[in-house]
Amino acid sequence: MPKSRIRKKADYTPPPAKQATSIKLNSRAWVAPVMLAMFLIGLAWIVVFYVTDGSLPIDALDNWNIVVGFGFIAAGFGVSTQWK
């Protein structure tokens, strides 16, 4: 029986090295100030409510002033998701 031909395999050539790409973090300039402002407004709202025994910031809201303050803080967290 005849001998089969031996195929020579091509030498391994590694794939070309990928060049490092620079990542640009285009943070929106308005995000950080708005986020901090929302946090501070919410904190100030709650502190003023407690310091004035509920007569300020809005007397008609009564204990809902706490919800308004935490709403500002939650809005600050919502804005913080836009920060890159």
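Hydrogens, waters and symmetry mates play no part in the numbers below; they use all other heavy atoms, side chains included. Just so it is clear, the model here is predicted, and its values are computed rather than measured.
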### Task
Return the set of residues passing side-chain contact (heavy atoms from CB on, under 4.5 Å) with Met38 (not counting sequence neighbours), or none when no residue passes.
Val34, Phe72, Ala75
side-chain hydrogen bond (donor to acceptor under 3.5 Å, both in side chains): pairs with one or both residues in [range], sequence neighbours excluded:
{"range": "residues 33-43", "value": "none"}
{"range": "residues 64-79", "value": "Trp45-Asn65"}
{"range": "residues 46-59", "value": "none"}

Membership question, hydrophobic clusters at under 4.5 Å side-chain separation (ILVMFWY): are [Y] and [X] in the same one?
{"X": "Val79", "Y": "Ile73", "result": "yes"}
{"X": "Val67", "Y": "Val47", "result": "no"}
{"X": "Val51", "Y": "Leu43", "result": "yes"}

### Message
If hydrophobic residues (ILVMFWY) are linked whenever their side-chain heavy atoms come closer than 4.5 Å, directly or via other members, who joins Leu40 in its cluster?
### Response
none
### Task
Report the hydrophobic cluster partners of Val48, with the cluster defined as I, L, V, M, F, W, Y residues connected by side-chain heavy atoms closer than 4.5 angstrom, directly or transitively.
Leu56
### Task
Over all heavy atoms of both residues, which pair between Met35 and Ser80 is shortest? Give the atoms and the distance, please.
SD-CB, 3.1 Å
### Query
Which atoms form the tightest heavy-atom contact between Pro33 and Trp30, and what is the distance?
CD-O, 3.4 Å
### Counterpart residues, ring pair (Phe, Tyr, Trp, His ring centres under 6.0 Å), relative to Phe39 (two or more places apart)
Phe77
### Task
Verify side chain to side chain contact (heavy atoms under 4.5 Å, CB included) between Phe49 and Leu61, making sure each step is shown before the conclusion.
CA-CA 10 Å; Phe49 174 72; Leu61 289 180; over 6 Å; no
